[in-house]
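In what follows, a structure is listed as structure tokens, so that the remarks can point back to it.
Just so it is clear: chains get the letters A, B, ... in the order the sequence lines come, proteins before strands, and each one is counted from 1. The structure presented is a predicted model; accordingly, all values stated were derived computationally and were not measured.
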Number of protein chains: 2
Amino acid sequence: MKQVTIKDIAREAGVSIASVSRALNGMDGISEKKRSRILRVCERLSYTPNGLARSLVKRRTQTIGIIMPDIMSPFYSELMVKASDAAHKRGYQVLLCNSFRELRAERDYLKLLAEHQVEGILIFPIGPRSTESMSEFIHNVPMVALNELTGQCGIPYVCADEEQAGRIAAEYLISRGCRNLLFVGFKPERLAHRYRAASFMETAKAKRIPAQIYECNLDFRTSFERGYNHFKHFLQSGLSMPDGIVAASDATANGIVKACRENGIRIPEDFSLIGFDNITEELPYIELTTVAVSHEEQMETAVELLLGMVEEGTPVGGKASVKLEPRLVERRSCKG
Amino acid sequence: MKQVTIKDIAREAGVSIASVSRALNGMDGISEKKRSRILRVCERLSYTPNGLARSLVKRRTQTIGIIMPDIMSPFYSELMVKASDAAHKRGYQVLLCNSFRELRAERDYLKLLAEHQVEGILIFPIGPRSTESMSEFIHNVPMVALNELTGQCGIPYVCADEEQAGRIAAEYLISRGCRNLLFVGFKPERLAHRYRAASFMETAKAKRIPAQIYECNLDFRTSFERGYNHFKHFLQSGLSMPDGIVAASDATANGIVKACRENGIRIPEDFSLIGFDNITEELPYIELTTVAVSHEEQMETAVELLLGMVEEGTPVGGKASVKLEPRLVERRSCKG
DNA sequence: CTGTTAGCGCCTTCAA
DNA sequence: TTGAAGGCGCTAACAG
């Protein structure tokens with residue numbers, strides 16, 4: 001697999017390498033007939049430019065990196081697609097990375113991308129500790145997070161206003177007549193869960209509707225499993241059945257649905273169910289009502305913010321985070 | 001964002017750039033105290049090596065590219081993960097690309113990856129016409145397909161033996177007592193479907209069991225939608241209900257399940273259902289019996305084949321394709 | 001053990 | 001319109 005280089009083309013076409021470069025890049029300062037002759041030679045030798053060399057000299061790669069926790073989750077893979085689209089639209093290429101919810105892998109990818117000279121990184125941090133590795137690279141490459149970041153690390157984020165989301169979910173269930181609310185699938189490490197749960201409780205309290213968070217400290221690899229197992233656990237607890245359940249996320253809600261099916265519980269006949277995130281994956285049974293921001297809007301905003309930083313060479317901490325307004329997406333998992 | 005280079009480090013540490021390079025790459029021929037001094041300077045200036053420059057001179061990127069048709073499908077994203085794992089295990093990095101089932105995007109990525117000097121490409125071609133663009137780059141970079149390729153393009157593939165798969169599915173249903181078989185979700189453009197359907201029919205015929213392919217030329221963006229709509233269409237056709245259905249794929253099967261639910265049809269009580277591919281995604285309701293090869297085995301094999309080509313510089317057409325043996329994965333969508 | 005030097009493939013002045 | 005030459009950041013001989 002010997003590489004054909006610009007030099008080979010030059011020799012073959014009997015011109016200088018400068019002319020070849022000019023021809024390839026559509027620059028002017030070269031006669032049309034020479035250009036077409038050169039291009040023909042390229043064809044013939046099936047020449048492929050070496051992007052590494054080009055990026056090295058131009059000091060631009062026109063590439064950003066995206067790091068997500070779990071490519072197999074429909075939620076994250078949709079975000080990846082939307083983000084890619086947004087980047088492509090602005091003329092940037094994208095490198096996709098899957099951190100697999102492992103801090104180690106996340107850090108490795110951060111490093112890898114920095115070394116590959118990506119001009120910016122869009123990252124969905126897997127947890128609060130992610131900021132440690134992120135701040136390690138913040139001086140080398142602009143970053144935008146897709147999750148609220150704790151602490152003052154100077155990295156801007158673009159995410160949903162989860163407090164609003166929790167309130168919207170609670171208000172909706174109450175408006176549909178629910179009078180005994182439960183939050184299932186809570187995982188305290190997730191900041192988003194904390195916000196959702198807290199404002200859920202607050203809203204219920206303000207309206208004097210009994211509500212509680214089912215806290216079950218068992219953890220599982222996926223949100224689906226967490227939902228499934230937490231709810232099974234709840235069913236065995238002997239606690240009274242709620243008439244409205246807020247799941248910590250849509251994936252969690254799907255787990256709850258599975259547990260219900262195994263126990264002959266029907267949704268929405270036996271209780272109303274609402275989730276967060278608006279996973280758009282098509283499921284054979286459930287049509288889940290949910291609260292979420294527009295994924296497209298979120299990714300567009302994030303990419304725009306990131307490329308803004310890239311293009312104006314914004315130093316660390318030069319940009320402001322943004323919280324997007326979530327909306328209710330009504331489907332058929334709530335009665336009334 | 002001015003880059004810190006090896007030169008800056010050398011100046012700051014009062015040594016030559018060669019020493020810095022040696023220190024960074026853990027080579028010997030440098031005293032320990034000098035090395036640690038250099039490394040400290042790197043820390044302090046938060047130096048990140050420029051991978052482009054390094055790859056350029058080493059003429060190696062230790063990177064392969066993976067192109068899949070749909071990152072949002074759990075099937076493909078699982079393959080991506082398995083392939084990444086296999087590549088990482090062998091010390092290669094991976095660039096993930098999503099062709100979105102578009103020939104244009106597929107070709108663009110092929111080109112992009114070649115320009116980025118990936119050392120090999122693993123591709124799940126979106127269709128027979130993919131070979132056109134693939135053969136355009138076959139002289140620049142080794143490739144392995146994850147799908148059977150038509151024609152003599154010299155590109156090896158690693159995929160399931162779909163004829164066997166079709167036979168296994170048919171035999172299983174028959175062994176479970178099904179006596180009226182139907183194949184749903186057929187899309188003639190997909191070679192795999194053709195194999196599956198043909199050997200399904202053949203097997204049934206050999207055993208003298210009535211069987212047919214429900215041909216419905218409506219097409220949809222996803223297999224899920226195809227399954228859903230084809231089966232709804234079938235239900236309205238007034239044809240007699242089968243007692244065993246082979247879905248063109250697991251995704252198709254999920255669509256069928258949805259149509260069943262809307263029509264009060266129960267699985268496996270009303271008919272047995274079997275799919276292909278073994279999507280491992282967790283679904284709230286269905287537990288689908290299916291026929292598939294081990295994804296891990298397939299990706300391991302493909303990566304090994306590809307890296308073999310890379311490392312021994314195999315010329316075009318130097319390697320043989322392999323067809324893997326599918327197995328039955330028994331779950332609970334078939335009665336008996 | 002250390003530093004100097006010659007490229008890797010390409011783009012981009014600068015002269016001609 | 002053309003070509004020669006310098007350099008992007010790095011590694012790998014080759015001298016010392």
Side-chain angles (χ1 to χ4, degrees), chain A residues 1-39 41-42 45-63 111-112 114-119 140-141, chain B residues 1-39 41-42 45-63 111-112 114-119 140-141:
Chain A
M1 292 280 156
K2 161 118 188 22
Q3 250 228 86
V4 178
T5 76
I6 203 177
K7 232 176 191 164
D8 301 314
I9 305 295
R11 185 167 7 82
E12 195 72 15
V15 298
S16 72
I17 60 169
S19 294
V20 178
S21 178
R22 283 191 269 260
L24 285 170
N25 296 303
M27 307 192 312
D28 45 31
I30 181 172
S31 64
E32 265 321 310
K33 55 178 293 199
K34 185 170 258 185
R35 154 171 288 137
S36 64
R37 177 152 52 93
I38 292 174
L39 261 22
V41 175
C42 291
L45 303 190
S46 77
Y47 166 76
T48 305
N50 185 325
L52 303 183
R54 178 181 299 181
S55 299
L56 183 61
V57 41
K58 300 197 81 153
R59 315 170 102 223
R60 294 226 46 187
T61 54
Q62 290 278 15
T63 302
K111 181 155 175 239
L112 187 74
E115 291 188 1
H116 273 0
Q117 308 299 114
V118 298
E119 302 190 32
N140 294 303
V141 42
Chain B
M1 292 282 155
K2 163 128 187 9
Q3 251 229 86
V4 178
T5 76
I6 205 179
K7 235 178 191 161
D8 301 313
I9 305 295
R11 185 167 7 83
E12 195 73 13
V15 298
S16 72
I17 60 168
S19 294
V20 177
S21 178
R22 282 190 270 260
L24 285 169
N25 296 303
M27 307 191 312
D28 46 31
I30 182 172
S31 65
E32 265 321 311
K33 55 177 292 200
K34 185 169 259 186
R35 156 172 289 137
S36 64
R37 176 152 52 93
I38 291 174
L39 260 23
V41 175
C42 290
L45 303 191
S46 76
Y47 166 75
T48 305
N50 185 326
L52 303 184
R54 178 181 304 186
S55 299
L56 183 62
V57 43
K58 300 197 82 151
R59 317 170 99 220
R60 296 224 47 186
T61 55
Q62 291 277 18
T63 302
K111 181 155 176 238
L112 187 73
E115 291 187 359
H116 273 354
Q117 308 300 114
V118 297
E119 303 191 31
N140 294 302
V141 42

Task: Smallest separation among heavy atoms of Ile17(A) and Lys7(A), with atom names - done: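 Scanning both residues completely, I find the closest heavy atoms to be CG2-CA, 3.9 Å.
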Task: Atom of Ala10(A), atom of Ser16(A) and distance for their closest heavy-atom approach - done: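 Scanning both residues completely, I find the closest heavy atoms to be CB-C, 3.8 Å.
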- [ ] Mark up nucleotides 5-16 of chain D, 5' to 3', with B wherever a protein heavy atom is under 4.0 angstrom from a base atom, S wherever such an atom reaches only the sugar-phosphate, and - elsewhere.
- [x] --BBBBBB----
Rounded interatomic separation in angstrom, taking [atom1] from [X] and [atom2] from [N]:
X	N	atom1	atom2	answer
Lys33(A)	dT1(D)	NZ	C1'	13 Å
Ile38(B)	dG3(C)	CD1	C1'	12 Å
Arg11(A)	dG3(D)	CZ	P	15 Å

Task: Beyond-backbone contact of Gln117(A) with Asn50(B), side-chain heavy atoms, under 4.5 angstrom - done: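 Result yes, sub-4.5 Å side-chain heavy-atom pair found.
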Task: Pairwise side-chain contact, Tyr47(B) with Leu24(B), heavy-atom cut-off 4.5 Å (strictly under) - done: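 Touching, per the 4.5 Å side-chain cut-off.
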Task: N/O (side chain, Ser31(A)) to phosphate O (OP1/OP2, dT1(D)) under 4.0 Å - done: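 Checking dT1(D) against Ser31(A), no side-chain N or O comes under 4.0 Å of OP1 or OP2.
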Task: Within 6.0 Å of CG in Asn25(A), more than 12 heavy atoms from elsewhere - done: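 Yes, enclosed.
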- [ ] Sorted by first residue and then second, give each salt bridge (charged side-chain N to carboxylate O under 4.0 Å, His left out) pair with at least one member in residues 18-27 of chain B; sequence neighbours left out.
- [x]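 Checked against salt bridge (charged side-chain N to carboxylate O under 4.0 Å, His left out) - neighbours excluded - no pair reaches residues 18-27 of chain B.
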